[in-house]
Amino acid sequence: MPDTVSKSWFAVLALANPETSDYSGKPQEICEQLRDAWVGTSDTRTGAWAYCISKDGFHHAHMVLEDSKAMRFSAVKQVFGTAHIEATK
């Protein structure tokens with residue numbers, strides 16, 4: 001993907017093996033860890049996180065990541081490197 005610039009991103013992060021993932025705990029705790037990874041100390045970032053388990057048992061998180069400042073795809077990828085990420089409109 002070219003280094004697209006956007007203020008809003010949609011991401012899906014596979015959590016196929018929560019025991020060995022960078023994020024661990026109960027679903028709510030994992031969503032809080034993902035939130036903290038994105039927001040950090042920024043006062044301009046926000047988002048929404050949902051922990052899901054598919055009917056086949058695949059653990060993953062859906063995320064909408066937003067910032068009042070536009071940022072490049074590469075900057076978002078640095079935070080969630082293994083996630084599938086797309087700019088929203």
Side-chain donor/acceptor of K77 to backbone N/O of T82, under 3.5 Å: no
Smallest separation among heavy atoms of [X] and [Y], with atom names:
| X | Y | result |
| --- | --- | --- |
| R72 | W9 | C-CZ2, 4.0 Å |
| Y23 | Q33 | CA-OE1, 3.2 Å |
| A11 | I85 | CB-CG1, 3.9 Å |
| A70 | V5 | CB-CG1, 3.5 Å |
| T44 | K69 | CG2-CE, 3.9 Å |
| S8 | E66 | OG-OE2, 3.3 Å |

Test ring-ring contact (aromatic ring centres under 6.0 Å, His included) applied to Y51 and H60, step by step: CA-CA 6 Å; Y51 187 98; H60 60 286; 7.9 Å; no
When clusters are formed by joining ILVMFWY residues with side-chain heavy atoms under 4.5 Å apart, either directly or through shared neighbours, do [X] and [Y] land in the same one?
| X | Y | value |
| --- | --- | --- |
| V12 | L15 | no |
| F10 | W49 | no |
| I53 | I30 | yes |

Side-chain heavy-atom pair [X], [Y] within 4.5 angstrom cut-off:
| X | Y | answer |
| --- | --- | --- |
| T46 | W38 | no |
| M71 | R45 | yes |
| H62 | C52 | yes |

Q28 CD to R35 CZ distance, which is reported to the nearest 0.5 Å: 8.0 Å
Electrostatic pair K7-D67, nearest N-O below 4.0 angstrom: no
